[in-house]
Asks: 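This is the structure I want to talk about, given as structure tokens.
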Amino acid sequence: MRIAMVSEHASPLAASSGLGGADAGGQNVAVRALALALADAGHEIVVHTRRADPAVPRRVAMAPGVTVDHVDAGPARELPKDDLVDHMDAFSADLAACWRDETPDVVHAHFWMSGLAALPAARALGVPIVQTFHALGSVKRRHQGADDTSPARRVAVESDLGASVDRVLATCHDEVDELVALGVPAERTTVVPCGVDVAHFTPGDAAFAATGRRKADGVFRIASVSRLVPRKGVDTVISALARLPGDAELVVAGGPRPEGLDDDPEVARLRALARAVGVADRVHFLGAVGHDALPALYRSADAVACVPTYEPFGLVPLEAMACGRPVVAAAVGGLADTVVDGVTGHHVPAGDPGAVAAALERLRADPRRARRFGRAGRRRAETEYGWDRVAAAHERVYGEVASAAVPALSTALTTGSPA
Ligand code: UDP
């Protein structure tokens, strides 16, 4: 099939470098891996993403069968994700022109603004469209309240999109409930998780020299890997560390490049907390760690802590599991599906440092159990979440929508209508 993916802010080309900053994370990784796996299965993929650099060519061949198309929409420089909505009319017009010349068999939009741009362009040509939100505005608003800087119309657009596209792919079961609450008919949703590269993230030797932070003998190392934004719960892990014996340390990957750590406000906030609870000497900020070095980091850890206040899917626990490491995870969103409590790690309530500390202490006190969890995590990652398997699930949905009639475009949903 000819598959057009739209990923307006998250370029798959950024996935091998530049992750961990405020706006670059799981979507970049997931779009890249899905495109590569679909191409391996014989499909032809074009990923349309906004041009954020004047120097990159319009079209870049990423791999055999995968082209990245840089769409001119707004200034050709990095913009905050929340400012991109103003440029979705231009993005949509460009997609429409492009697809008139090269009409795809199916369109797959990633994130709400991609859907906003893609829907009118796809419908004008009668091309079926599948939507993955990756994150929902209604959930973000509930958790972040006044700190949510998303455009005001986001929730209304997501609800309209859910009612208009051919299929909504939810990345976890919890998301289906959220979609139904938004008015999306349950029969228009299919749960298809994200995956993990089980050939890259593998168990193995525990050395991690890439950043010079070798683990000392006898140390119980906890790893945290995430964009450094407050909802990721790194503060909860720091508070938990203060309740653990002095041989436990925390390494924190994510945020700016290492040379920018001292200027980062979130790092400053977390360092102040570490000082306040008396663990400043046991928390090590690494800055953004490249995807290539991450398997070694996971392997060097005795446990990986992922305790966000909410999480639409969460690639990090899967990466840790694929590396054979036990995970202490908040039982929220996708983490409730991927981490199996008492089998591949421990579930804890979100925002509860005492529960995180107790779960980590159980792993510290019983290394055999921790190793058993790690082995079970690897098995689960391989059997349930390999990208070939996840790509096959996408293929099934693409085939279903391509063979069904395409409904007419809801007139309420055009890129220009303020909601
Ligand atoms: N990541 C990385 N280096 C870092 C921090 C994060 O490569 O320093 C990657 C991480 O390995 C994962 C992605 O960024 O693949 C984060 O995805 P996740 O779904 O966990 O969270 P999101 O960023 O989408 O909220």
Side-chain angles (χ1 to χ4, degrees), residues 7 9-34 36 81 110-111 132-136 139-140 143-144 150 171-172 175 193-198 200-202 208 210-211 213 223-234 237 250-261 264 266-267 270 284-301 304-323 325 327 329-330 332-339 381 385 387 390:
S7 181
H9 71 281
S11 168
L13 294 172
S16 48
S17 59
L19 294 181
D23 282 345
Q27 189 178 324
N28 307 68
V29 174
V31 169
R32 177 186 179 89
L34 178 60
L36 293 175
K81 190 165 69 180
H110 297 264
F111 205 58
T132 302
F133 285 110
H134 290 277
L136 285 171
V139 179
K140 189 171 185 190
H143 287 278
Q144 298 197 357
S150 301
T171 56
C172 67
E175 191 183 338
C194 293
V196 63
D197 183 343
V198 291
H200 180 64
F201 291 100
T202 55
F208 177 63
T211 65
R213 277 231 68 82
S224 164
V225 178
S226 73
R227 290 180 294 126
L228 278 194
V229 292
R231 78 151 169 103
K232 290 291 183 177
V234 181
V237 189
L250 170 64
V251 290
V252 180
R257 291 178 195 282
E259 58 276 16
L261 281 171
D264 188 89
E266 180 63 3
V267 173
L270 294 170
H284 308 291
F285 290 90
L286 306 179
V289 172
H291 232 57
D292 286 351
L294 271 180
L297 173 60
Y298 286 122
R299 288 173 202 142
S300 79
V304 176
C306 268
V307 293
T309 49
Y310 71 95
E311 189 62 81
F313 181 73
L315 292 175
V316 164
L318 272 189
E319 293 167 357
M321 286 159 62
C323 288
R325 291 300 176 262
V327 180
V332 296
L335 278 52
D337 288 0
T338 50
V339 176
Y385 296 101
W387 275 110
V390 171

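When a ligand or atom number is given, it counts from 1 through the structure's own listing order.
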Asks: Rounded at 0.5 Å granularity, tell me how far CG in Asp337 sits from OH in Tyr385.
Replies: 5.5 Å
Asks: Touching ligand 1 at all, Lys232? Heavy atoms, strictly under 4.0 Å?
Replies: yes
Asks: Show the atoms of ligand 1 that are less than 4.0 angstrom away from any heavy atom in Val289.
Replies: 2 (C), 3 (N), 4 (C), 7 (O), 8 (O)
Asks: May I ask you to check whether Leu315 has an N/O atom sitting below 3.5 Å from an N/O atom of ligand 1?
Replies: yes
Asks: Ser224 vs Leu250, test: side-chain contact (heavy atoms from CB on, under 4.5 Å). Steps then yes/no.
Replies: CA-CA 7 Å; Ser224 164; Leu250 170 64; 4.1 Å; yes
Asks: For ligand 1, which is the ligand I care about here, please tell me if Val225 has any N or O atom under 3.5 Å from one of the ligand's N or O atoms.
Replies: no
Asks: His134 vs Phe313, test: side-chain contact (heavy atoms from CB on, under 4.5 Å). Steps then yes/no.
Replies: CA-CA 7 Å; His134 290 277; Phe313 181 73; over 6 Å; no
Asks: Using heavy atoms and a threshold below 4.0 Å, how should the contact between Leu294 and ligand 1 be classified: side chain, backbone, both, or neither?
Replies: side chain
Asks: Show your working on side-chain contact (heavy atoms from CB on, under 4.5 Å) between Lys140 and Arg231 and close with a plain yes or no.
Replies: CA-CA 10 Å; Lys140 189 171 185 190; Arg231 78 151 169 103; over 6 Å; no
Asks: How does Arg231 reach ligand 1, if at all, at less than 4.0 Å between non-hydrogen atoms: by side chain, backbone, both, or neither?
Replies: side chain
Asks: Does ligand 1 come near enough to Arg227 that some N or O of the ligand is less than 3.5 Å from an N or O of the residue?
Replies: yes
Asks: Atom NE2 in His110, atom CG in Asn28: separation rounded to 0.5 Å?
Replies: 11.5 Å
Asks: Evaluate Ala288 for polar contact with ligand 1, using N/O atom pairs at a separation under 3.5 Å.
Replies: no
Asks: Report the part of Val29 in contact with ligand 1, treating N, CA, C, O as backbone and CB onward as side chain, heavy atoms under 4.0 Å; options are side chain, backbone, both, neither.
Replies: side chain
Asks: Numbering the atoms of ligand 1 from 1, which are under 4.0 Å from a heavy atom of Gly314?
Replies: 19 (O), 20 (O)
Asks: Rounded to the nearest 0.5 Å, how far does CZ of Arg32 lie from CG of Leu13?
Replies: 7.0 Å
Asks: Using a 4.0 Å cutoff against the non-hydrogen atoms of Glu319, which atoms of ligand 1 qualify?
Replies: 10 (C), 11 (O), 12 (C), 15 (O)
Asks: Determine the interplanar angle of the His291 and Phe201 rings, folded into 0 to 90°, and report it as parallel if under 30°, tilted if 30 to 60°, perpendicular if over 60°.
Replies: perpendicular
Asks: Could you please spell out the steps behind the side-chain contact (heavy atoms from CB on, under 4.5 Å) verdict for Val252 and Val237?
Replies: CA-CA 10 Å; Val252 180; Val237 189; over 6 Å; no
